[in-house]
Engineer: 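Below is the structure I would like to discuss, written out as structure tokens.
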Protein chains: 4
Amino acid sequence: MAPASADPAADPVAVTSDKISDKAPRTERGRKTRQKLLDAAASEFGERGFHEASITSITQRAGTALGSFYTYFDSKDEIYRALVDHLSSRVREAARESRRSDLEALEAERVALTNFLNFAGTHKEIYRIIDECEFVDPATFRTHYESTAQRIFERLGEGARKGEVRADIEEAHAWAIMGMNVFLGLRYAVWSQERDPAEVAEIANSILRGGLLPRP
Amino acid sequence: MAPASADPAADPVAVTSDKISDKAPRTERGRKTRQKLLDAAASEFGERGFHEASITSITQRAGTALGSFYTYFDSKDEIYRALVDHLSSRVREAARESRRSDLEALEAERVALTNFLNFAGTHKEIYRIIDECEFVDPATFRTHYESTAQRIFERLGEGARKGEVRADIEEAHAWAIMGMNVFLGLRYAVWSQERDPAEVAEIANSILRGGLLPRP
Amino acid sequence: MAPASADPAADPVAVTSDKISDKAPRTERGRKTRQKLLDAAASEFGERGFHEASITSITQRAGTALGSFYTYFDSKDEIYRALVDHLSSRVREAARESRRSDLEALEAERVALTNFLNFAGTHKEIYRIIDECEFVDPATFRTHYESTAQRIFERLGEGARKGEVRADIEEAHAWAIMGMNVFLGLRYAVWSQERDPAEVAEIANSILRGGLLPRP
Amino acid sequence: MAPASADPAADPVAVTSDKISDKAPRTERGRKTRQKLLDAAASEFGERGFHEASITSITQRAGTALGSFYTYFDSKDEIYRALVDHLSSRVREAARESRRSDLEALEAERVALTNFLNFAGTHKEIYRIIDECEFVDPATFRTHYESTAQRIFERLGEGARKGEVRADIEEAHAWAIMGMNVFLGLRYAVWSQERDPAEVAEIANSILRGGLLPRP
DNA sequence: GATGAATGAGGATTCATTCAT
DNA sequence: TATGAATGAATCCTCATTCAT
């Protein structure tokens, strides 16, 4: 699953780097064609997955000639990578809006998860694309997860400094939270939306607040 | 990620069903050849992933002729499915040994996670294969996750009845735990083994026991 | 189309020669197995055609092991040839019964066609198998047609000597009659049986008797 | 055998429909390549038959890369069908030229058969290809025969109205004529050309004119 | 820049036939 | 004889990528 997507409250650090190849469009017309191709690729990869997707189909969706694809991208892999970057930043942007430093630490996690669930439910293709990254471009996948965990870890650390969470926070705690978020997203946002995101987020949050032992 | 692998304390309910086609071997020799193919497929899929894997390579690893593959399997997809089934049951079997009903509920979860981390670290290919299932055979993938969550949920429910965990347990709690387990496995068993499984399990378990708030 | 089938009033000259290979069964049990294979082959070739037919499927229909096939036949081609021979003689046998030298020449042709239409309607697979021979074993196909035409030609010649038909009969007349018979068989016996064989035969016969010009 | 080929005096009703797939060439260059492939396929299918023919061989004959085949055709079946259509119309076109409505009914049949024999002798591959259709694409085969018989039937019917042939003409008469034509073509045009087409046609025509009974 | 034809390596799958038991 | 496992040549088809216009 997408690291970024697992932490919508991410900061704009960005992995994005559209300067991958020297094929940047030089005219307005070119810029539009390139964008049409990216949009088409998003649909194609989202619906059929990386391996089933074909360049031919992408150009057909984009309404361009097959050859035009290679005017803007070096390969199927490259457009995929460009797309993941692009989508990651969209996710991050969506998250950034919901960040407010005045929130108490665990409260912030709750809001972040709620937003994430909403976003994942609305953009399932994005979810799938970034997720499949694990098998198409493992390095990117790993980077994303690690930076996401890092952000969560930093937030928790800050909370610890403020005395809002336990002082013994370490990286593993961040991974545990990220895993919870991702799986709840898969189950309650992508596969079905039978439950209200806020409720699901509350369940996860209650674990963070007090664990699963019976209340005294 | 593999549902099964996320719950090594699984019971033997089994999704396994090796009777897929009518190509079951009828002699001992045949049984051995089929097994060689499955073993070879495990290595091939584990190392190169489903799409990069080739039948030719599988038969070469197995030391059989190309045609022999089709004596026992109908297609690349079929052997993949057979393999996932097979591996799932191995995971489940490995888990079953570690089940002891005399354990207190959350203690059982800790033991399960420890075993899972150990298993995942030793069998990284299995992890990858079952994980890639999401994009190769989504139905199986989903089934596995759901049945794994179901088992966790049932265990928690039993714990609730015994008064060992909160009474308001629901399905979402199981998904949260499964997500934690899977991601900790990815990070601390598959990607690196820099930390002791027992320690990692303890960190996760401490969340389940008391959450992340500062201890009073 | 089958030459033989086009002339059911054939004599037993026979192309049949089951001594093709040295694989003749030596025991009663062997004879039965060989026959089961021939029967199965007739169904298989009749239903699926030569190229779609498979040895595996033939042995399955016959209820024998795959390897047993090669105990009695050298190859797929050989069993096909053996089958065509076998079927040809069946056709010829069926025809022979209907031969009566006391019939007037054109009357004999009418009876022969009637019988042929009846036979073809009842044994469509035979029709197909012998017919496909053109593309599987052209030499046999050609031989069959030629010998069939030859028999018709001889009958007509005899009729000519008796003054029952024109004196200028030549080979081409026999081919013309054979063509008529075969196509009427295809249309009114194999593809549909909407018309009574005797009626169809009468129509063809009326052409032979007086042509198509208006009656004075 | 090809219905069309059995009736060279066909009208341009056409079964032809080259718009089968969306792979129509969009440039002149493409049109030429497609044509080269069709020509090569005609030779290949004509010489080796449908099942022995290979795509590789077709592209080698055409002087194109293997992949180019799939730029214009979806499969071996499809090019075969396209070819049959193409050849059928060639046959029909060849026939059309020889149609003259001022001919007396049976005279027209004689001319048609003569032309057919000439055509079949010159284009034996066409004969074989269309003929093999019975086992490759039965539906097309049947359609062709039926429409050919229909055309003959209509011509005879018109002759009947003019009083040039018997009034009791029915479909079966057309099938009988078609069968005669096809078999005479096989024997005297495809297998050998030992006899003059006009002579052979005259023999068939004499049957139509007066049957086989001795002249009074 | 845009177009679409050409390329060919690569991979899955079939199945007649052989052979050890 | 019967059995069924093993073999591998043969073939269709896909599709990312290149290139001429």
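So you know, we letter chains A, B, ... as the sequences are listed, proteins then strands, and number each from 1.
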Engineer: Rounded to whole Å, how long is the line connecting atom NE2 of B:H51 with atom P of F:dA16?
Structural biologist: 12 Å
Engineer: Whole-Å distance between F:dA10 P and C:K76 NZ?
Structural biologist: 17 Å
Engineer: With a 3.5 Å limit on both atom pairs, tell me what F:dG8 is paired to, counting Watson-Crick and G-U wobble, or say none.
Structural biologist: E:dC15
Engineer: With heavy-atom distances below 4.5 Å as the criterion, would you say the side chains of D:R90 and D:H123 are in contact?
Structural biologist: yes
Engineer: Measuring only between side-chain heavy atoms, which start at C-beta, is C:F45 closer than 4.5 Å to C:R128?
Structural biologist: no
Engineer: Looking at B:K124 and B:G46, would you say the former's side chain and the latter's main chain have a donor-acceptor pair under 3.5 Å?
Structural biologist: no
Engineer: I'd like a table of atom pairs between the protein and nucleotides 1-3 of chain F - only N or O on both sides, under 3.5 Å - with the distance next to each one.
Structural biologist:
| unit_1 | atom_1 | unit_2 | atom_2 | d |
| --- | --- | --- | --- | --- |
| F:dT1 | OP1 | C:T27 | OG1 | 3.0 |
| F:dT1 | OP2 | C:R26 | N | 2.8 |
| F:dA2 | OP1 | C:T33 | OG1 | 3.2 |
| F:dA2 | OP2 | C:Y72 | OH | 2.8 |
| F:dT3 | OP2 | C:A65 | N | 3.2 |
| F:dT3 | OP2 | C:S68 | OG | 3.4 |

Engineer: Would the distance check show the side chain of D:E44 and the main-chain N or O of D:S54 forming a donor-acceptor pair, the cut-off being under 3.5 Å?
Structural biologist: yes
Engineer: Measure CD1/D:I55 against P/E:dT7 and give the value in whole Å, please.
Structural biologist: 16 Å
Engineer: Would you say the side-chain atoms of C:K23 pair up with the backbone N or O of C:Y70, donor to acceptor, closer than 3.5 Å?
Structural biologist: yes
Engineer: State the pairing partner of F:dT21; accept Watson-Crick or G-U wobble contacts with both distances under 3.5 Å, and report none otherwise.
Structural biologist: E:dA2
Engineer: Is the phosphate of E:dT14 approached by B:Y70 (side-chain N or O, under 4.0 Å from OP1 or OP2)?
Structural biologist: no
Engineer: Any side-chain heavy atom of C:C133 within less than 4.5 Å of one from C:Y80?
Structural biologist: yes
